[in-house]
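Encoded as structure tokens, the structure appears first; notes follow it.
Quick note: residue numbers are just sequence positions, from 1. Worth saying up front: this structure is predicted, and the values here are computed from it rather than measured.
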Amino acid sequence: MDIEKDQVCVLIPTLNEEPTIGDLIRQFISLGYRDVLVIDGKSTDRTREIATAAGARVVVQTGKGKGNAFIQALTFLEKPYILLLDGDGTYDPEDAVHLLNPLGMGFDQSIGNRLVETNYSSFHRLNLTGNRILNWLFKVAHGRYLYDILSGYRAFTLSSLRRMHLYEEGFGIETEISSEAVKNKDRVAVIPVQYGVRVGSVTKLDPIHDGVKIGRTIYRLAKLNNPIFYFGLIGALITLCGVGIGIFIVTEWFKKIDHIPLTILAMLLVIAGLQIFMFGIQSDMLLAYQREMLHEIQNLRDEVGTGNKSLNE
């Protein structure tokens with residue numbers, strides 16, 4: 001099913017995007033996407049003025065951060081399909097149709113994959129390596145490989161967004177969106193997109209600092225998606241500490257040196273680590289039961305909705 005462009009809202013969070021925002025909005029409008037919503041994070045340049053003149057709806061963000069802007073924008077969304085992208089001109093409006101097409105075929109979300117060979121020249125080597133590491137970490141923590149979890153170019157159905165519970169206020173929002181998609185078992189299409197070099201403005205990302213924050217976010221969100229990984233890693237580290245101390249105690253014992261307090265500590269660490277790991281297994285079983293129950297509830301809702309529709313007809 002082809003998606004009519006009048007059914008799409010183009011959502012652009014901005015912060016000091018004066019050099020690129022006007023041309024970006026005009027390109028989308030010329031392609032037929034007339035509903036463009038700009039959530040501006042209190043830019044100090046002419047971003048809001050230029051966006052309004054180009055034909056976009058402009059809302060000034062009340063909070064701070066890209067994630068906060070996206071969460072706030074949810075209250076303004078009414079169209080059944082939403083296209084999200086950054087306002088820095090690195091993404092090509094021509095790729096919008098490729099991201100939207102899967103939604104018409106029943107997918108819940110599309111991710112624009114920047115990490116394809118034709119785009120490598122647009123990345124610093126450190127950024128490219130960091131993205132690959134974070135994608136691998138996401139797969140380990142959440143059990144699903146989404147190729148480019150940090151992509152800022154995505155398309156959603158409004159219903160899939162309504163199912164998400166989002167709290168990240170900064171650049172971790174893409175990670176949280178990906179995590180929620182896995183948790184909700186959404187059908188996600190990964191579509192290669194063009195990715196250009198940022199022009200006229202300075203990047204707001206720090207590869208090391210923000211990479212560490214995103215890594216922490218991936219691990220923290222795993223608590224709800226993959227508790228065995230979350231608690232298992234903690235349990236394994238504690239157990240390894242106990243085993244390490246135990247090895248030291250044994251080597252010292254062969255030298256006829258006793259370490260009674262360390263022996264007690266080693267035993268406590270091993271026991272605590274194993275208990276935490278077992279707690280992860282129990283949590284995973286409870287999570288599986290909860291998901292099954294929610295799935296059954298959703299099936300009942302669908303059946304009731306279908307029945308009501310048949311009665312009305």
Self-check item: Close side-chain approach of V8 and K79, heavy atoms under 4.5 Å
Solution: no

Quiz item: Linking I/L/V/M/F/W/Y whenever their side-chain heavy atoms sit closer than 4.5 Å, directly or via other members, would V58 and F76 fall into one cluster?
Solution: no

Exercise. Check whether any side-chain heavy atom of E180 sits under 4.5 Å from a side-chain heavy atom of H165, and report yes or no.
Key: yes

Quiz item: Would a distance-only check, ignoring hydrogens and angles, find a side-chain to backbone donor-acceptor pair under 3.5 Å from T20 to G87?
Solution: yes

Quiz item: What heavy-atom pair brings L24 and D86 nearest, and what distance separates the two atoms?
Solution: CD2-O, 3.6 Å

Quiz item: Taking only residues at least two apart or on different chains, which pairs with a member in residues 102-116 satisfy side chain to side chain donor-acceptor pair (under 3.5 Å)?
Solution: D108-R163, Q109-R154, R114-N131, R114-D148

Quiz item: Does the side chain of L83 come within less than 4.5 Å of F156's, by heavy atoms?
Solution: no

Quiz item: Can you tell me if S160 uses its side chain to pair, donor with acceptor, with the backbone of T157 under 3.5 Å?
Solution: yes

Exercise. With rounding to the nearest 0.5 Å, note down the distance linking CZ in R57 to CZ in R34.
Key: 14.5 Å

Quiz item: Quick one: do I214 and Y167 end up in the same hydrophobic cluster if we chain Ile, Leu, Val, Met, Phe, Trp and Tyr together by side-chain heavy atoms under 4.5 Å apart?
Solution: no

Practice problem: Would you please indicate if the ring centroids of Y219 and Y230 are separated by under 6.0 Å? | Solution: yes

Self-check item: Crowding at CD, E252 (>12 non-hydrogen neighbours, <6.0 Å)
Solution: yes

Quiz item: Quick one: CG on L269 to CG on L240, what's the gap to the nearest 0.5 Å?
Solution: 11.0 Å

Exercise. Compare all side-chain heavy atoms of C9 with those of E78 and state whether any distance is below 4.5 angstrom.
Key: no

Quiz item: Short question: side chain of D186, backbone of V188 - any donor-acceptor pair under 3.5 Å?
Solution: no

Quiz prompt | Co-membership, hydrophobic cluster, residues F28 and I50, 4.5 Å side-chain | solution = yes

Quiz item: Does any N or O in the side chain of Y91 come within less than 3.5 Å of the main-chain N or O of G152, such that one atom is a donor and the other an acceptor?
Solution: yes

Exercise. Would you confirm whether H142, through its side chain, and I218, through its main-chain N or O, come within 3.5 Å as a donor-acceptor pair?
Key: yes

Exercise. Taking only Lys NZ, Arg NE, NH1 and NH2, and the carboxylate oxygens of Asp or Glu, determine whether D35 and K5 approach each other closer than 4.0 Å.
Key: no

Quiz item: Which distance, rounded to the nearest 0.5 Å, do you find between the CD1 of I12 and the CD1 of I25?
Solution: 5.0 Å

Quiz item: Taking N119 for the side chain and S122 for the main chain, is one N or O donor matched with an acceptor at less than 3.5 Å?
Solution: no

Practice problem: Locate the shortest heavy-atom distance separating A222 from F229; write the atom from each residue and the value. | Solution: CB-CD2, 3.9 Å

Quiz item: So how far is it from L100 CG to Y81 OH, rounded to the nearest 0.5 Å?
Solution: 9.0 Å

Quiz prompt | Separation of L84 CG from I111 CD1 (nearest 0.5 Å) | solution = 11.0 Å

Quiz item: Can you name the closest pair of heavy atoms from I71 and L166 and give their distance?
Solution: CD1-O, 3.4 Å

Quiz item: When rounded to the nearest 0.5 angstrom, what is the spacing between CG in L286 and CD1 in I281?
Solution: 12.0 Å

Exercise. Please report the closest heavy-atom contact between I238 and A272, naming both atoms and the distance.
Key: CG2-CB, 4.4 Å

Exercise. Check whether any side-chain N or O of K42 sits under 3.5 Å from a backbone N or O of Q61 as a donor-acceptor pair, and report yes or no.
Key: yes

Quiz item: Is the distance between the ring centroids of Y145 and Y147 less than 6.0 Å?
Solution: yes

Quiz item: Has the side chain of D92 got a donor or acceptor atom that lies under 3.5 Å from a matching backbone atom of Q194?
Solution: no

Practice problem: Measure across T62 and Q72 and return the closest heavy-atom pair with its distance rounded to 0.1 Å. | Solution: N-OE1, 3.0 Å

Quiz item: Mind checking whether N101 and I3 have side chains closer than 4.5 Å, heavy atoms only?
Solution: no

Exercise. Could you pull out the closest heavy-atom pair between G172 and T217, with the gap in Å?
Key: O-CG2, 4.3 Å

Practice problem: Decide whether L37 and V60 are clustered together by the hydrophobic rule: side chain heavy atoms of Ile, Leu, Val, Met, Phe, Trp, Tyr closer than 4.5 Å, transitively. | Solution: no

Quiz prompt | N184 and M164, any side-chain heavy atoms less than 4.5 Å apart | solution = yes

Exercise. Examine distances only and state if a side-chain atom of K66 and a backbone atom of I173 form a donor-acceptor pair shorter than 3.5 Å.
Key: no

Quiz item: Does the pair T175 and E168 meet the rule for a side-chain hydrogen bond (donor to acceptor under 3.5 Å, both in side chains), with working shown?
Solution: CA-CA 9 Å; T175 304; E168 287 292 321; over 6 Å; no

Exercise. Determine, stepwise, if the pair I191 / D95 fulfils side chain to side chain contact (heavy atoms under 4.5 Å, CB included).
Key: CA-CA 9 Å; I191 308 296; D95 285 326; over 6 Å; no

Quiz item: With sequence neighbours left out, what residues match S151 under side chain to side chain donor-acceptor pair (under 3.5 Å)?
Solution: none

Quiz item: Is the closest side-chain heavy-atom distance between N135 and L146 below 4.5 Å?
Solution: no

Quiz item: Do F70 and L11 come close enough that some side-chain heavy atom pair is under 4.5 Å?
Solution: yes

Self-check item: Selection residues 232-270 - residue pairs positive for ring-ring contact (aromatic ring centres under 6.0 Å, His included), sequence neighbours left out
Solution: F248-H259

Self-check item: T251 side-chain N/O to I247 backbone N/O, donor-acceptor pair under 3.5 Å
Solution: yes

Quiz item: Would a hydrophobic clustering, with Ile, Leu, Val, Met, Phe, Trp and Tyr connected at side-chain separations under 4.5 Å, put Y195 with L115?
Solution: yes

